[in-house]
Amino acid sequence: MKGQIFSGAQPTGNLHLGNYLGAIKQWVALQEEYDCIFCIVDMHAITITQNADELRHNTREIAATYIAAGIDPKKNIIYNQSMVKQHAELAWILGCNTPMGWLSRMTQFKDKAGKNRDNAMLGLFSYPVLMAADILLFNTSHVPVGEDQKQHLELAREIATSFNHHYKTEAFVVPEPLIKQEAARVMSLRDGTEKMSKSAESDLSRINLSDDAETIAKKFKKAKADMEFDGIFYDKEKRPEISNLLTIYAALADISIRQAATQFAKSGNGDFKQSVADLAVEKLSPITNEVKHLMNDVAYLDSILKDGAEKAAEKAEKNLKTIKDIIGFVYF
Ligand code: TYM
């Protein structure tokens with residue numbers, strides 16, 4: 001039997017190069033080997049305030065991006081989370097089996113809530129429980145994500161293990177993370193020690209998948225780079241920005257960082273940045289163009305989401321019934 005993959009992205013704005021290299025590009029390769037479910041996690045998105053029209057637009061745009069990047073909607077399940085109510089049901093059950101102390105350790109909550117913890121929403125705090133529910137709902141064996149999701153995944157494993165132990169069952173499959181080491185953490189173009197993120201203030205810090213060729217070229221040209229060394233080499237401590245650009249180049253070209261470093265060993269920063277920009281445009285523009293094309297056909301995108309949601313709900317309901325039985329819920 002094939003393994004089961006589950007992964008997702010939040011429709012909170014443009015996807016960026018980090019999302020693509022850390023997650024989506026990996027998904028495209030995995031669809032040959034695994035049964036795959038790729039979700040647009042709109043219920044996660046509302047842990048921070050969203051505008052309704054933008055949320056709707058972003059949900060469809062992410063579906064379009066999955067497809068444009070090469071995920072085949074005929075072979076894989078693509079849907080938005082809120083269409084499958086079993087996510088919320090299982091999240092409640094798991095929440096009753098998750099100590100608050102485990103959630104208090106989550107660094108993403110600490111970062112997002114900041115000093116104002118008492119005013120942070122309950123949903124932001126319990127978000128990793130919903131993420132565990134997403135994964136455990138489908139007997140997921142593998143979860144391909146970027147490194148920033150590692151702690152949440154470890155928590156999902158802990159929740160599955162402790163539930164199984166408590167109820168003396170093996171009902172939940174304990175999922176394995178799939179974190180592709182080289183592009184697991186794409187960094188900001190303005191500061192090589194910060195991760196590339198949707199929420200960073202400067203748009204120059206990230207390459208959005210919706211950026212046109214000119215914008216991509218401009219952003220790489222303006223990317224921060226050190227001046228004190230000759231040639232290009234990888235050293236994350238001394239040269240975080242150049243090392244990040246090497247990582248990006250290698251991931252886009254499907255070569256190792258070592259190979260990329262050899263290729264540019266004698267180049268100057270300017271030429272090297274130009275090569276990264278050219279490759280990024282070459283690889284990303286077909287995706288960007290296809291997203292635009294697909295966004296003109298909302299009816300098609302919605303039909304994919306609806307079909308995906310029906311298939312996901314059927315699987316989810318079957319698995320949830322097993323869990324309800326174990327807990328002692330009466331259902332008909
Ligand atoms: P999200 O929407 O923040 O990001 C989607 C995916 O992109 C990866 N990623 C990165 N990878 C490399 N470098 C970066 N700079 C970078 N930034 C983001 C993320 O690791 C992720 O794989 N909680 C998740 C969504 C989620 C999920 C799930 C994932 C909800 N339920 C169940 C897997 C399984 C999130 O906020 O991803």
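Remember, it's a predicted structure, so these values are computed and weren't measured experimentally.
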Q: Please confirm whether the backbone N or O of Met187 pairs with a side-chain atom of Asn244, one donor and one acceptor, at under 3.5 Å?
A: yes
Q | Which atom of Ala183 lies closest to which atom of Val186, heavy atoms considered | A | O-CG2, 3.8 Å
Report, one line per pair, each donor and acceptor closer than 3.5 Å where one atom sits in a side chain of residues 62-69; sequence neighbours left out.
{"residue": "Thr65", "atom": "OG1", "partner": "Glu61", "partner atom": "O", "Å": "2.7"}
{"residue": "Tyr66", "atom": "OH", "partner": "Ala9", "partner atom": "N", "Å": "3.1"}
{"residue": "Tyr66", "atom": "OH", "partner": "Cys39", "partner atom": "O", "Å": "2.7"}

Q. Would you say the side-chain atoms of Thr59 and Asp42 include a donor-acceptor pair closer than 3.5 Å?
A. no
Q: Identify the residue among His44, Glu54, Lys198 that makes a side chain to side chain donor-acceptor pair (under 3.5 Å) with Thr12.
A: Lys198
Q) Would Lys218 and Glu214 pass as an ion pair if we require N to O under 4.0 Å? A) no
Q. Quick one: does Ser243's side chain have a donor or acceptor within less than 3.5 Å of a partner on Pro240's backbone?
A. no
Q. At what distance, to the nearest 0.5 angstrom, does OG of Ser141 lie from CD1 of Ile5?
A. 6.5 Å
Q.
Can you confirm whether Leu155 sits close enough to Met106 that some side-chain heavy atom of one is under 4.5 Å from a side-chain heavy atom of the other?
A. yes
Check: residues 162-169 side-chain donor-acceptor pairs under 3.5 Å, at least two apart:
{"residue": "Asn164", "atom": "OD1", "partner": "Phe172", "partner atom": "N", "Å": "3.1"}
{"residue": "Asn164", "atom": "ND2", "partner": "Phe172", "partner atom": "O", "Å": "2.8"}
{"residue": "Thr169", "atom": "OG1", "partner": "Ala171", "partner atom": "N", "Å": "2.8"}

(Q) Which label fits Phe38 and Trp27: parallel for a plane angle under 30°, tilted from 30 to 60°, or perpendicular past 60°? (A) parallel
Q: Just jot down the side chain to side chain contact (heavy atoms under 4.5 Å, CB included) partners of Asp191, sequence neighbours excluded, or say none.
A: Ser188, Thr193, Glu194, Glu241
Q.
Would Val143 and Leu178 count as a side chain to side chain contact (heavy atoms under 4.5 Å, CB included) here? Give the steps.
A. CA-CA 6 Å; Val143 186; Leu178 277 182; over 6 Å; no
Q) Do Arg185 and Asp148 meet the salt-bridge criterion of a basic N to acidic O distance under 4.0 Å? A) no
**Q.** Other residues, nucleotides, ligands: >12 heavy atoms within 6.0 Å of Lys266 NZ
**A.** no
Q. If you draw a 6.0 Å radius around NZ in Lys195, do more than 12 non-hydrogen atoms from other residues or ligands fall strictly inside?
A. yes
Q) Any idea which heavy atoms bring Leu209 and Thr288 closest together, and the distance? A) O-OG1, 2.8 Å
Q: Taking the side chain as every heavy atom from C-beta outward, state whether Val41 and Asp134 have any pair of such atoms under 4.5 Å apart.
A: yes
Q: Say whether, by atom type as modelled, one donor and one acceptor occur between the side chain of Asp271 and the main chain of Ser267 under 3.5 angstrom.
A: no
Q: List the steps and the verdict of salt bridge (Lys or Arg N to Asp or Glu O under 4.0 Å) for Lys219 and Asp203.
A: CA-CA 9 Å; Lys219 287 182 177 175; Asp203 195 51; 3.1 Å; yes
**Q.** Sub-4.5 Å side-chain heavy-atom contact between Ile255 and Gln263
**A.** yes
Q: Keeping the roles fixed (side chain from Gln86, backbone from Leu320), state whether a donor-acceptor pair exists under 3.5 Å.
A: no
Q) Quick check, are the ring centers of His142 and Phe6 under 6.0 angstrom apart? A) no
Q. Taking C-beta and beyond as the side chain, do Phe229 and Arg239 meet within less than 4.5 Å on heavy atoms?
A. yes
Show which side-chain atoms of residues 90-99 pair as donor or acceptor with protein atoms under 3.5 Å away, not counting sequence neighbours.
{"residue": "Asn97", "atom": "ND2", "partner": "Ile93", "partner atom": "O", "Å": "2.9"}
{"residue": "Thr98", "atom": "OG1", "partner": "Leu94", "partner atom": "O", "Å": "2.7"}

Q.
If you define the side chain from C-beta out and look only at heavy atoms, does anything of Ser104 sit under 4.5 Å from Phe109?
A. no
Q) Within a reach of under 6.0 Å around NZ of Lys112, are more than 12 heavy atoms found that belong to other residues, nucleotides or ligands? A) yes
Q: Could you tell me which non-hydrogen atom of Ala225 sits nearest to which non-hydrogen atom of Asn269, and how far apart they are?
A: CB-ND2, 3.8 Å
Q.
Tell me whether Asp212 contacts the main-chain N or O of Thr215 through its side chain, where contact means a donor paired with an acceptor under 3.5 Å.
A. yes
Q) Are a donor atom and an acceptor atom from the side chains of Asp35 and Asn76 found within less than 3.5 Å of each other? A) no
Q) Judged by atom type as modelled, is there a donor-acceptor pair below 3.5 Å linking the side chain of Arg157 to the main-chain atoms of Pro177? A) no
Q: Compare every heavy atom of Gln26 with every heavy atom of Val145, then report the nearest pair and how far apart it is.
A: O-NE2, 4.1 Å
Q. Going hydrophobic residue to hydrophobic residue with side-chain gaps under 4.5 angstrom, can you get from Leu136 over to Ile37?
A. yes
Q.
Regarding Gln259 and Thr262, do their side chains bring together a donor and an acceptor under 3.5 Å, going by distance alone?
A. no
Q. Within a strict 4.5 Å, meaning less than it, do heavy atoms of the His152 and Tyr127 side chains meet?
A. yes
Q: Please examine the side chains of Tyr20 and Leu284, heavy atoms only from C-beta on, and report whether any two atoms are closer than 4.5 Å.
A: yes
(Q) Does the plane of the ring in Phe272 sit parallel, tilted or perpendicular to the ring in Tyr249? Use 30° and 60° as the thresholds. (A) tilted
Q: Begin from the C-alpha positions of Asn58 and Asn14 and carry the test side chain to side chain donor-acceptor pair (under 3.5 Å) through to its verdict.
A: CA-CA 7 Å; Asn58 291 339; Asn14 276 319; over 6 Å; no
(Q) For the backbone of Lys311 and the side chain of Glu314, can you confirm whether one donor and one acceptor N or O come within less than 3.5 Å of each other? (A) no
Q: Check whether more than 12 heavy atoms from other residues, nucleotides or ligands sit under 6.0 Å from atom NZ of Lys110, and answer yes or no.
A: yes
Q) Hey, quick one: are Tyr34 and Ile77 part of the same hydrophobic cluster, counting side-chain heavy atoms closer than 4.5 Å, chains of contacts allowed? A) no
Q. With a cut-off of 6.0 Å (strictly less than), are more than 12 heavy atoms of other residues, nucleotides or ligands near NZ of Lys180?
A. no
Q: Indicate whether the side chain of Thr107 and that of Gln151 have a donor and an acceptor atom separated by less than 3.5 Å.
A: yes
Q) Can a salt bridge be assigned to the pair Glu32 and Lys75 using a cut-off of 4.0 Å between side-chain N and carboxylate O? A) yes
**Q.** More than 12 heavy atoms from other groups under 6.0 Å of CG on Asn51
**A.** yes
Q.
Has Asn319 got a side-chain atom pairing as donor or acceptor with Leu137's backbone, closer than 3.5 angstrom?
A. yes
Q. Are the side chain of Lys25 and the backbone of Ala251 linked by a donor-acceptor contact shorter than 3.5 Å?
A. yes
(Q) Taking the side chain as everything from C-beta on, heavy atoms only, tell me whether Met121 gets closer than 4.5 Å to Thr47. (A) no
Q.
Does Arg258 qualify as a cation-pi partner of Tyr234, given the criterion of NZ or CZ under 6.0 Å from the six-membered ring centre and within 45 degrees of its axis?
A. no
Q: List in chain and number order the residues that pass side chain to side chain contact (heavy atoms under 4.5 Å, CB included) with Asp302, two or more places apart in sequence or in another chain; answer none if no residue qualifies.
A: Arg60, Val298, Leu305
Validation: residues 324-332 side-chain donor-acceptor distances under 3.5 Å, sequence neighbours left out:
{"residue": "Lys324", "atom": "NZ", "partner": "Glu89", "partner atom": "OE1", "Å": "3.3"}

Q) Does the Ser205 side chain pair with the main chain of Ala200, one donor and one acceptor, at a distance under 3.5 Å? A) no
Q.
Quick check on the hydrophobic clustering: are Leu153 and Phe138 connected, directly or via other members, by side-chain heavy-atom contacts under 4.5 Å?
A. yes
Q | ILVMFWY network linking Ile135 to Ile78, side-chain heavy atoms under 4.5 angstrom | A | no
Q. Are Arg206 and Asp211 close enough for a salt bridge, meaning some N to O gap below 4.0 Å?
A. no
Q) If you look at every heavy atom in Ala316 and Val84, which pair is closest and at what distance? A) CB-CG1, 4.2 Å
Q.
Is there a path of hydrophobic side-chain contacts, each under 4.5 Å between heavy atoms of I/L/V/M/F/W/Y residues, joining Leu294 to Tyr79?
A. no
